[in-house]
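One structure below.
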Amino acid sequence: MIAFTVFILVGLWFAQIVLLGNFHYWNIKNRMAENAYRLAMDVGDADFEKTIEDIAENGEACVVVYRIEEETVSVIYNYEESPSCMVHRLDSAVVKDISENASGDGGLLQIRLSDLIKEWEKDGGTPVKKPSTDRLLTVLVVSGTDGQYMLFLDAALFPVESTVGTLRYQLIYISIALFLVATILSFILSSYIASPIEHITEKSKKLPRGEYQMDANVRSYREIEELSETLSHAADEISKVDRLQKELIANISHDLRTPLTMIIGYGEVMRDIEGENTPENVQVIIDEATRLSSLVNDLLEISRIQGGDIERHDEVFDFSALMHETVERYRRLKENSGFVFTDAIEDHIVVKADKSKILQVVYNLINNAINYSMESRKVHIRLYSIGAKMHFDVVDYGVGIAAEDLENIWQRYYKVDKIHRRSSSGSGLGLSIVREILDLHGARYGVQSKLGMGSTFWFELPLYEEEENKLLLD
Ligand code: ADP
């Protein structure tokens with residue numbers, strides 16, 4: 001900002017102080033040369049005198065016309081526009097000298113009075129008092145029908161020095177004011193833009209070190225405030241995932257250790273103690289191994305999703321038939337544990353989707369319903385069509401979910417029950433897998449739940465088009 005101000009000021013000083021004098025001199029010089037040529041055109045004409053008056057008044061110059069004869073130079077017209085004109089006071093020898101110089105110069109000669117005086121004194125002339133303002137003498141020697149004439153114009157070079165002096169004075173004030181404004185502006189800009197950005201940068205640098213405290217209340221321009229808010233939001237999200245991931249590692253290591261300890265323990269008991277090789281004990285080992293296997297599957301699935309390795313392989317399939325089979329399978333699996341699976345499955349619901357992924361969604365939802373149904377031990381599965389869509393939901397009558405947890409449960413690693421309990425030994429990944437798969441299908445999904453009353457998890461998929469369906473079945 002200050003560099004820019006200095007640049008502007010240097011430009012101003014150069015233009016106003018250095019160039020002004022030269023520009024002014026060049027302008028008057030051109031004008032006087034033009035006037036001299038205009039006058040030359042009228043030499044000998046009837047309105048010659050009028051032209052002289054006109055030029056003298058408009059050009060603010062004294063005009064003298066000489067006639068040059070053999071040895072003498074005599075005045076034939078004289079117009080004194082200003083008493084400070086020098087031309088009337090020139091020594092006739094000087095006038096003669098000038099006329100010779102002008103003729104030798106191709107007719108036109110323009111010289112500053114100050115330079116003329118300098119030359120005069122150099123050539124040994126008596127010292128002359130310099131006028132207060134310098135003057136420009138323009139001399140044009142022309143040939144008329146009856147001999148040679150010398151047109152002499154004497155114009156003031158306006159007091160450029162005093163103008164420059166005033167300007168310089170003005171510019172000093174302007175420079176000081178500009179410097180002050182630039183300094184204040186730089187200060188405001190730096191405190192309003194640079195400082196907040198530095199602040200945000202500093203905070204951002206700490207993110208990789210696990211320091212997620214970003215200050216969202218940065219006061220600056222809207223864009224910077226937005227940047228700060230976005231970063232602080234991102235930092236919040238990262239810190240959440242980071243915390244959940246740490247919890248997950250703690251939980252998973254516990255989850256892995258518990259079944260492993262059980263398997264080893266039961267295995268050893270069955271090996272070492274006679275009569276302990278009972279089907280119940282074998283079932284414990286099978287259950288624990290199943291738990292381990294589902295945990296590992298979840299982890300593999302989520303790591304695949306995290307790696308962006310999730311693709312849809314759509315096929316047309318009868319969702320109703322798949323649901324009948326699935327519910328049957330669950331009934332058989334939980335036969336002995338007193339679980340009741342009721343269903344209301346509408347027939348011939350056909351969809352086009354990634355069958356194995358949608359089945360995984362169904363499994364995750366039913367498993368959750370079983371895990372969180374507690375003493376009620378009842379799960380209800382519904383499938384029906386509405387308009388061009390099918391609606392699937394799983395209803396349980398268990399623990400339910402508190403309103404404040406509802407939007408978080410879809411997040412990776414989120415578990416409502418932070419204190420690890422065997423009854424809720426999930427990985428915290430099931431619903432985030434559900435979310436990824438349903439998002440991949442562009443499906444609508446959601447949950448209704450009330451703490452202590454149970455939950456209903458649902459999703460919707462478009463029905464497969466009728467005509468296409470018929471064609472396929474034919
Ligand atoms: P988890 O493997 O822990 O079940 P999920 O991602 O499947 O992980 O679910 C996240 C959390 O949502 C669970 O820890 C649980 O607290 C809650 N939740 C999921 N399904 C239900 C349900 N049917 N009833 C009550 N709470 C549920």
Side-chain angles (χ1 to χ4, degrees), residues 290 293-294 297-298 300-302 304-305 309-337 339-373 377-398 410 426 429-449 454-474:
T290 313
S293 148
S294 84
N297 280 343
D298 273 4
L300 282 177
E301 187 67 25
I302 205 74
R304 262 185 41 213
I305 291 173
D309 185 17
I310 173 164
E311 273 178 32
R312 261 173 80 168
H313 299 287
D314 281 359
E315 58 186 292
V316 178
F317 62 94
D318 188 332
F319 204 143
S320 312
L322 185 70
M323 279 306 98
H324 281 305
E325 267 173 46
T326 309
V327 174
E328 235 7 83
R329 203 172 298 146
Y330 269 104
R331 281 192 182 121
R332 271 203 306 278
L333 196 72
K334 295 281 171 185
E335 222 168 21
N336 302 322
S337 52
F339 261 99
V340 178
F341 290 93
T342 53
D343 64 75
I345 297 170
E346 185 182 314
D347 281 331
H348 308 304
I349 288 187
V350 178
V351 294
K352 188 178 181 192
D354 188 320
K355 188 174 172 184
S356 64
K357 288 198 174 67
I358 292 294
L359 192 58
Q360 163 132 42
V361 169
V362 171
Y363 278 147
N364 284 6
L365 296 183
I366 300 181
N367 286 344
N368 276 353
I370 295 171
N371 283 339
Y372 301 102
S373 70
R377 293 187 166 251
K378 212 177 128 195
V379 176
H380 184 56
I381 291 147
R382 285 190 301 191
L383 176 67
Y384 54 88
S385 58
I386 26 165
K389 279 184 289 183
M390 53 129 273
H391 183 101
F392 170 85
D393 60 26
V394 181
V395 187
D396 70 68
Y397 308 90
W410 304 95
L429 296 173
L431 285 184
S432 75
I433 295 172
V434 167
R435 188 190 64 184
E436 299 280 353
I437 294 175
L438 292 178
D439 281 344
L440 185 69
H441 282 82
R444 264 167 38 87
Y445 55 90
V447 56
Q448 278 111 37
S449 187
S455 321
T456 302
F457 280 84
W458 61 270
F459 69 87
E460 288 177 346
L461 283 175
L463 289 174
Y464 187 63
E465 298 246 335
E466 279 287 306
E467 297 89 90
E468 283 180 61
N469 190 7
K470 245 186 244 145
L471 268 178
L472 200 96
L473 293 178
D474 287 348

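Residues Asp318 and Tyr464 bring no donor and acceptor atom of their side chains to less than 3.5 Å of each other.
Between Leu431 and Trp410, the shortest heavy-atom distance links the atoms O-CE3, 3.7 Å. Taking each heavy atom of Asn364 and Gly430 in turn, the nearest pair found is ND2-O, 3.1 Å. The shortest non-hydrogen separation linking Ala443 to Leu461 is CB-CD2, 3.8 Å. In this structure, Phe392 and Met390 approach most closely via the heavy-atom pair CB-CE, 3.8 Å. Residues Pro462 and Val351 approach most closely at O-CG1, 3.7 Å, considering heavy atoms. Residues Arg331 and Phe341 approach most closely at NH2-O, 2.7 Å, considering heavy atoms.
A parallel orientation is assigned to the rings of His391 and Trp458, their planes being inclined by less than 30° (bins at 30° and 60°).
Between the side chain of Asp314 and the main chain of Asp354, a donor-acceptor pair closer than 3.5 Å is present.
Under a 4.0 Å N-O distance rule, the pair Arg382/Asp393 qualifies as a salt bridge.
Within the model, atoms CG of Asn297 and CD1 of Ile433 stand 9.0 Å from one another, a figure rounded to the nearest 0.5 Å. In this structure, CG in Leu322 is found 5.5 Å from NZ in Lys355, a value given to the nearest 0.5 Å. The CG atom of Leu359 sits 8.0 Å away from atom CZ of Phe319, with the distance rounded to the nearest 0.5 Å. With values rounded to the nearest 0.5 angstrom, Leu383 atom CG is found 10.5 Å from Thr326 atom OG1. Interatomic distance, NE2 of His380 versus CG of Asp396, reported as 12.0 Å (0.5 Å rounding). Between Phe339 atom CZ and Leu333 atom CG the span is 10.5 Å, to the nearest 0.5 Å.
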*Residue pair Ile437, Gln360: steps toward the side-chain contact (heavy atoms from CB on, under 4.5 Å) verdict*: CA-CA 9 Å; Ile437 294 175; Gln360 163 132 42; 4.0 Å; yes

*Checking side-chain contact (heavy atoms from CB on, under 4.5 Å) for the pair His348/Ser385: CA distance, chi angles, key distance, verdict?*
CA-CA 10 Å; His348 308 304; Ser385 58; over 6 Å; no

*Intermediate values then yes/no, side-chain contact (heavy atoms from CB on, under 4.5 Å), Phe459 and Val361*: CA-CA 9 Å; Phe459 69 87; Val361 169; 3.7 Å; yes

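Using a 4.5 Å heavy-atom threshold, the side chains of Met323 and Asp343 count as separate. Contact annotation: the side chain of Tyr330 approaches that of Ile370 to within less than 4.5 Å [non-hydrogen atoms, C-beta and beyond].
Applying the side-chain hydrogen bond (donor to acceptor under 3.5 Å, both in side chains) criterion to Lys334, with sequence neighbours excluded, gives no partner residue.
The only option from Arg312, Glu311, Arg435 that meets the side chain to side chain contact (heavy atoms under 4.5 Å, CB included) definition with Leu440 turns out to be Arg312.
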